[in-house]
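One structure is given below, encoded as C-alpha cells.
Because the structure is predicted, anything quoted here is derived from the model rather than measured. Residues: numbered from 1 along the sequence shown.
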Amino acid sequence: MPFQKGQSGNPAGRPRGIVNRATALAQTLLSERAEGIARKVIALAEAGDMAAIRVCMDRLVPPIKHQPVAVELPPLEKAVDSVEALACIAAAVAAGELTAAEAAELAKVVDAYVGALASKAFEERLSALENGISRAPDVPGPAAVRDDTSV
C-alpha cells in the first residue's frame with residue numbers, strides 16, 4: 001500500500017538531522033585533531049605535495065560558481081525583439097564569448113521577459129475592452145423595443 005504524500009512510513013523513526021553514532025564519533029575525533037591536521041596539510045603543501053596544494057587552494061580560492069557575462073543585446077520592447085536578442089546570444093556562442101550553459105541561462109531571461117511583456121500587453125488590452133464596454137451607451141435589446149403603432 002503506498003504511503004500518503006509527505007508522510008513517513010515510520011513516524012516513530014529517527015528524527016531529521018540526527019547522525020548515527022559512528023558519524024558523531026568520527027566528527028568528535030576529527031574536531032579534536034583539526035589544528036594538527038591543518039598544520040600537516042600546510043607543511044605537505046609547502047613541501048610540494050600536489051594533493052595537499054589542491055586541498056589548500058580549494059579552501060583559499062573556492063571555485064567561482066556564477067560570473068556576470070557581458071553580451072550586447074538589443075532593447076526588448078516587443079516580443080518580436082526577442083528573435084534578434086536570441087540571434088545575438090547565438091552569435092556570442094559561435095564566437096566563443098559565451099558557453100552553451102551561459103547562453104541557455106540568458107535565453108531563459110529573454111523568454112521570461114517576453115512572457116512579462118505578453119502579460120502586460122494582455123492586461124492593457126483587457127483594460128481597454130473593459131473600459132470600452134463600461135463607456136458604451138445603453139442600447140435597448142429587441143425585447144425592450146416598444147411598438148407604438150398598435151394604439
Looking at A103 and I89, what are the two nearest heavy atoms and their distance?
-> CB-CG2, 3.6 Å

Steps toward side-chain contact (heavy atoms from CB on, under 4.5 Å) verdict (R54, D58) = CA-CA 6 Å; R54 188 174 302 113; D58 286 347; 3.9 Å; yes

Nearest heavy atoms of V114 and S82, plus distance in Å = CG2-CB, 3.4 Å

Can you get from V69 to L73 by hopping between Ile, Leu, Val, Met, Phe, Trp and Tyr side chains that sit under 4.5 Å apart?
-> yes

Exam field: side chain D111 to backbone A107, donor-acceptor pair closer than 3.5 Å = no

Full working for side-chain contact (heavy atoms from CB on, under 4.5 Å) between M50 and I53 = CA-CA 5 Å; M50 289 306 291; I53 291 172; 4.0 Å; yes

If you look only at pairs with a residue in residues 21-47, which of them pass as a salt bridge (charged side-chain N to carboxylate O under 4.0 Å, His left out), with sequence neighbours excluded?
-> E35-R39

Is the backbone N or O of T28 less than 3.5 Å from a side-chain atom of S31, with the two atoms forming a donor-acceptor pair by type?
-> yes

Linking I/L/V/M/F/W/Y whenever any side-chain heavy atoms sit under 4.5 Å apart, do I42 and L60 land together?
-> no

Could you tell me whether K108 and E105 have a side-chain N and a carboxylate O separated by less than 4.0 Å?
-> yes

Considering only heavy atoms from C-beta outward, does the side chain of E130 approach that of L126 to under 4.5 Å?
-> yes

Please check if V41 and L30 belong to a single hydrophobic cluster, counting links between Ile, Leu, Val, Met, Phe, Trp and Tyr side chain heavy atoms closer than 4.5 Å.
-> yes

List the atom of V93, the atom of T99, and the distance in Å for their closest heavy-atom pair.
-> CG2-O, 4.0 Å

Taking all heavy atoms of E102 and all of E97, pick out the closest pair and write down the distance.
-> OE1-O, 4.4 Å

For the student: nearest non-hydrogen atoms of A45 and A52, plus distance | N-CB, 3.6 Å

